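These notes concern the structure reproduced below.
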Amino acid sequence: MAARRISSLLTRSLSASSSASASLLSSLGRNSSRNGSIKRLSTSTALEELIVPPVQIAYTQNLIDGKFVDAASGKTFPTYDPRTGEVIAHVAEGDAEDVNRAVAAARKAFDEGPWPKMTPYERSRILLRFADLVEKHSDELAALETWNNGKLHEQAAKAELPLLIRLFHYYAGWADKIHGLTVPADGNHHVQTLHEPIGVAGQIIPWNFPLLMFAWKVGPALACGNTIVLKTAEQTPLTALYVAKLFHEAGLPPGVLNVVSGFGPTAGAALASHMDVDKIAFTGSTDTGKVVLELAAKSNLKPVTLELGGKSPFIVCEDADIDHAVELAHFALFFNQGQCCCAGSRTFVHERVYDEFLEKAKARALRRVVGDPFKKGVEQGPQIDSEQFEKVLRYIRSGIESNATLECGGDRLGKKGYFIQPTVFSNVTDDMLIAKDEIFGPVQSILKFKDLDEVIRRANATRYGLAAGVFTKNIDTANTLTRALRAGTVWVNCFDVFDAAIPFGGYKMSGIGREKGIYSLHNYLQIAHRAQFVIMQWNGSHHPCRKSLPSDLLDCLKIVPAGLALC
């Protein structure tokens with residue numbers, strides 16, 4: 001299956017619109033609109049009758065050593081439907097004891113089991129069989145992902161599941177192409193470098209893209225021959241358990257992939273600090289990433305890769321096609337309910353086109369259809385949970401209190417679930433919290449700039465450096481910005497282009513290491529070298545078979561390393 005771009009599949013302009021209201025947020029009791037009134041979206045009819053998800057929940061236990069088992073404590077925790085806030089299942093609550101059992105199974109599978117000793121070709125075949133099973137069950141997986149996460153069903157089915165399948169095809173292709181080098185060295189030495197699996201990999205994935213983050217972590221680790229203990233996000237444990245079961249149907253040996261569901265302070269901390277885990281990979285917030293790094297350092301100094309937060313600039317230059325720029329900036333921010341680490345959450349617009357851009361960005365947000373993510377035509381579902389919902393609303397209040405202009409949105413939608421109106425702020429300054437902090441919600445902040453030097457300085461004035469977007473017709477401008485912006489990824493006239501081969505990761509406090517592509521393999525390999533001193537020399541007297549060799553060969557071969565005698 002060909003690589004797909006999330007952006008190309010999901011960017012669209014829908015004609016449906018929502019009605020507006022002239023009242024301000026009643027809880028704030030003030031009017032911050034530059035026009036004397038605030039337009040707000042009314043509750044969409046898409047929220048009135050919710051679609052029953054077409055899938056059954058089959059797996060809620062931890063998966064350890066190839067078997068689904070209850071938590072050692074017997075505890076469970078609820079997982080919710082973000083559309084309603086209602087419980088949809090109770091899941092085994094793993095803690096330190098469950099992590100211990102999972103690590104023991106992974107250690108045994110690595111030290112004694114067949115996986116690291118298996119031929120790379122056979123590992124590749126298992127990865128491919130797994131990808132085929134995911135494709136076979138993609139309807140159930142897409143429905144389960146939407147039900148547990150709140151993301152658009154169309155997004156899960158047409159973009160994320162195909163990309164997951166593509167990722168495992170990609171890493172299956174790498175499994176039998178990982179090798180070292182023969183290194184020329186001074187003196188009578190034969191030197192080889194070896195790329196060996198690192199061992200037991202602990203992996204902690206987030207809730208915003210549960211299936212994709214599973215693929216980003218598990219694919220390269222297994223291709224390299226490692227075993228895994230993976231902790232799901234407590235908000236979204238269901239799809240990881242489902243696909244882990246499919247992996248065992250594909251022939252993965254027991255203990256190679258273990259999945260523990262639980263909370264960060266218990267299961268996550270136990271995994272990061274475990275003395276028998278050889279490597280940790282974490283995706284999540286920067287603050288939590290610091291804790292993971294500290295726990296790893298204080299335990300056995302295991303290597304850590306971190307894919308963390310962002311506050312990505314999206315820069316609209318004065319030569320931009322405004323209609324196109326508005327649509328792309330809208331997508332860059334509002335995609336996945338704004339719950340994206342690389343969201344273009346600081347929209348910098350040149351002063352000459354600022355007013356036109358602002359009016360069209362506001363109009364686009366007012367047309368955005370919010371509702372049941374299972375329904376066709378809906379562009380935005382609910383936030384993940386009550387905590388994230390309240391956090392986004394606090395940032396909106398902060399923006400108003402900081403004297404940014406609330407152009408539209410700013411409140412919840414409906415009476416249940418975690419739906420928030422698409423929100424746009426203008427007159428935003430760099431010192432406001434909405435311009436500095438990662439909101440992780442549908443809140444667009446539009447800032448004005450005068451020239452390239454200024455916007456480069458301001459765009460880089462952040463603790464983050466995950467991604468950036470540039471919109472311009474000028475190749476010189478594009479080249480200047482792409483080289484000057486301190487970000488791991490810079491998209492020019494596009495955004496959120498995710499291909500299996502393209503590395504992803506950040507500068508500064510956006511993380512350490514890279515996901516996807518060839519670079520992610522480096523996270524799961526030890527590089528070793530083996531040097532052998534030459535003990536045979538072709539001087540006419542040290543080899544018993546010398547008389548049977550042609551004289552010209554004796555003249556050409558001066559030394560042969562140990563173990564490579566030609567007879």
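Keep in mind that what you see is a predicted model, and the values were worked out from it rather than measured. Each residue takes its place number in the sequence, starting with 1.
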**Request:** Answer yes or no: does atom CZ of Arg486 have more than 12 heavy-atom neighbours from other residues, nucleotides or ligands under 6.0 Å?
**Result:** no
**Fill in**
Minimal heavy-atom distance between Ala343 and Leu333, with the atoms involved, is CB-O, 4.2 Å
**Asked** Would you say Leu308 and Leu466 make side-chain contact, with heavy atoms under 4.5 Å?
**Response** no
**Message:** Suppose we call two aromatic rings close when their centres sit under 6.0 Å apart. Are Phe168 and Trp174 close by that rule?
**Reply:** no
**Asked** Which pairs pass salt bridge (Lys or Arg N to Asp or Glu O under 4.0 Å) with one or both residues in residues 299-308, sequence neighbours excluded?
**Response** none
**Message:** Rounded at 0.5 Å granularity, tell me how far CG in Leu257 sits from NZ in Lys245.
**Reply:** 12.5 Å
**Item:** Test applied, side-chain contact (heavy atoms from CB on, under 4.5 Å); reference residue, Pro120; option that passes from Arg123, Glu122, Met118
**Value:** Arg123
**Asked** Any donor and acceptor pair, going by atom type alone, linking the side chain of Ser299 with main-chain N or O of Leu295 inside 3.5 Å?
**Response** yes
**Asked** How many angstroms lie between atom CD1 of Ile502 and atom CD of Glu515, to the nearest 0.5 angstrom?
**Response** 14.5 Å
**Item:** NZ/NE/NH1/NH2 to OD/OE distance under 4.0 Å, Arg394 and Glu390
**Value:** no
**Request:** Please lay out, stage by stage, how Glu154 and Lys151 fare under the test salt bridge (charged side-chain N to carboxylate O under 4.0 Å, His left out).
**Result:** CA-CA 9 Å; Glu154 181 183 11; Lys151 66 172 67 258; over 6 Å; no
**Message:** Would you say NZ of Lys117 has more than 12 non-hydrogen atoms from neighbouring residues, nucleotides or ligands within 6.0 angstrom?
**Reply:** yes
**Message:** I'd like to know if the side chain of Asp95 and the backbone of Glu97 have a donor-acceptor N/O pair within less than 3.5 Å.
**Reply:** yes
**Request:** Could you tell me whether the side chains of Tyr80 and Ser386 share a donor-acceptor contact shorter than 3.5 Å?
**Result:** no
**Item:** Taking every non-hydrogen atom, the tightest pair across Asn208 and Asn149
**Value:** O-ND2, 3.7 Å
**Asked** Is the closest side-chain heavy-atom distance between Val256 and Ile228 below 4.5 Å?
**Response** no
**Asked** Just by distance, do the side chain of Asn336 and the backbone of Gly338 share a donor-acceptor pair under 3.5 Å?
**Response** no
**Prompt:** With a 3.5 Å cut-off and no angle check, do the side chains of Glu145 and Thr239 form a donor-acceptor pair?
**Reply:** yes
**Message:** Just verifying a value: how many Å separate Phe335 CZ and Leu152 CG, rounded to the nearest 0.5 Å?
**Reply:** 8.5 Å
**Prompt:** Phe498 pairs by ring-ring contact (aromatic ring centres under 6.0 Å, His included) with which of Phe209, Tyr170, Phe504?
**Reply:** Phe504
**Prompt:** Where do Asn523 and Lys279 land on the side chain to side chain contact (heavy atoms under 4.5 Å, CB included) test, with the steps shown first?
**Reply:** CA-CA 8 Å; Asn523 301 334; Lys279 186 263 182 312; 4.0 Å; yes
**Item:** Thr79 side chain to Gln235 backbone, donor-acceptor under 3.5 Å
**Value:** yes
**Item:** NZ/Lys108: more than 12 non-hydrogen atoms of other groups inside 6.0 Å
**Value:** no
**Request:** Sequence neighbours left out, what pairs pass ring-ring contact (aromatic ring centres under 6.0 Å, His included) with at least one residue falling in residues 248-270?
**Result:** Phe77-Phe263
**Request:** Using a 4.5 Å cut-off on heavy atoms from C-beta on, say whether the side chain of Lys436 contacts that of Lys311.
**Result:** no
Exercise answer: donor-acceptor pairs, residues 193-200 side-chain atoms, under 3.5 Å, sequence neighbours excluded:
from: Thr193; atom 1: OG1; to: Leu181; atom 2: N; distance (Å): 2.8
from: Thr193; atom 1: OG1; to: Leu181; atom 2: O; distance (Å): 3.4
from: His195; atom 1: ND1; to: His179; atom 2: O; distance (Å): 3.4

**Prompt:** With no hydrogens and no angle check, is any side-chain donor or acceptor of Asp278 less than 3.5 Å from a backbone partner on Ala201?
**Reply:** no
**Message:** Below 30° counts as parallel, above 60° as perpendicular, anything between as tilted: where do the rings of Phe247 and Phe214 land?
**Reply:** tilted
**Request:** Using modelled atom types only, decide if a donor and an acceptor are shared between the side chain of Asp98 and the backbone of Ala72 within a distance under 3.5 Å.
**Result:** yes
**Request:** Provide the closest heavy-atom pair for Ala156 versus Pro162 in the form atom of the first, atom of the second, distance.
**Result:** O-CD, 4.4 Å
**Prompt:** Looking at Gly289 and Leu306, what are the two nearest heavy atoms and their distance?
**Reply:** O-CD1, 3.9 Å
**Request:** Go through the side-chain N and O atoms of His274 and Asn100 and say whether any donor and acceptor fall under 3.5 Å apart.
**Result:** yes
**Asked** Considering residues, nucleotides and ligands other than Lys67, do more than 12 of their heavy atoms fall under 6.0 Å from its NZ?
**Response** no
**Asked** With distance as the sole test, does Asn258 use its side chain to make a donor-acceptor pair with the main-chain N or O of Gly255 at under 3.5 Å?
**Response** yes
**Prompt:** Do the non-hydrogen side-chain atoms of Asp496 and Cys342 ever get within less than 4.5 Å of each other?
**Reply:** yes
**Prompt:** Take atom NZ in Lys508; do more than 12 heavy atoms of anything else shown fall under 6.0 Å from it?
**Reply:** yes
**Prompt:** Are the side chain of Arg346 and the backbone N or O of Phe314 linked by a donor-acceptor pair below 3.5 Å?
**Reply:** no
**Message:** I need the minimum non-hydrogen distance between Gly225 and Pro116, along with the two atoms involved.
**Reply:** O-CB, 3.5 Å
**Prompt:** How about Gln339 and Gln383: does a side-chain donor come under 3.5 Å of a side-chain acceptor?
**Reply:** yes
**Asked** Is it true that the side chains of Lys217 and Thr283 contain a donor and an acceptor less than 3.5 Å apart?
**Response** yes
**Request:** Determine whether Leu141 and Tyr242 make a side-chain contact, defined as any pair of heavy atoms from C-beta on separated by less than 4.5 Å.
**Result:** yes
**Message:** Could you measure the distance from the CD1 atom of Ile165 to the CG atom of Leu133? Nearest 0.5 Å is fine.
**Reply:** 10.5 Å
**Asked** What is the distance from atom CD1 of Ile512 to atom CG of Leu293, rounded to the nearest 0.5 Å?
**Response** 5.0 Å
**Prompt:** Aromatic rings Phe495 and Trp491: how do their planes relate, parallel, tilted or perpendicular, breaks at 30° and 60°?
**Reply:** tilted
**Asked** In terms of side-chain heavy atoms, does Tyr395 have a donor or acceptor partner in Asp437 at a distance below 3.5 Å?
**Response** yes
**Prompt:** Does the side chain of Leu246 come within less than 4.5 Å of His137's, by heavy atoms?
**Reply:** yes
**Message:** To the closest 0.5 Å, what do you measure between CG (Leu230) and CG (Leu63)?
**Reply:** 10.5 Å
**Backbone N/O of Asp499 and side chain of Lys516: donor-acceptor pair under 3.5 Å** = yes
**Message:** Has Thr146 got a side-chain atom pairing as donor or acceptor with Ala143's backbone, closer than 3.5 angstrom?
**Reply:** no
**Request:** Verify salt bridge (charged side-chain N to carboxylate O under 4.0 Å, His left out) between Glu387 and Lys391, making sure each step is shown before the conclusion.
**Result:** CA-CA 6 Å; Glu387 181 180 350; Lys391 174 188 173 184; over 6 Å; no
**Message:** Applying ring pair (Phe, Tyr, Trp, His ring centres under 6.0 Å) to Phe440 and Trp207, what does each step give before you reach the verdict?
**Reply:** CA-CA 12 Å; Phe440 232 59; Trp207 48 258; 5.5 Å; yes
**Heavy-atom check, side chain of Pro237 versus side chain of Asn148, under 4.5 Å** = yes
**Complete:** Heavy atoms of Ala459 and Thr462 approach each other most closely as O-CG2, 3.5 Å
**Asked** Heavy atoms, side chains only, cut-off 4.5 Å: are Phe130 and Glu249 in contact?
**Response** no
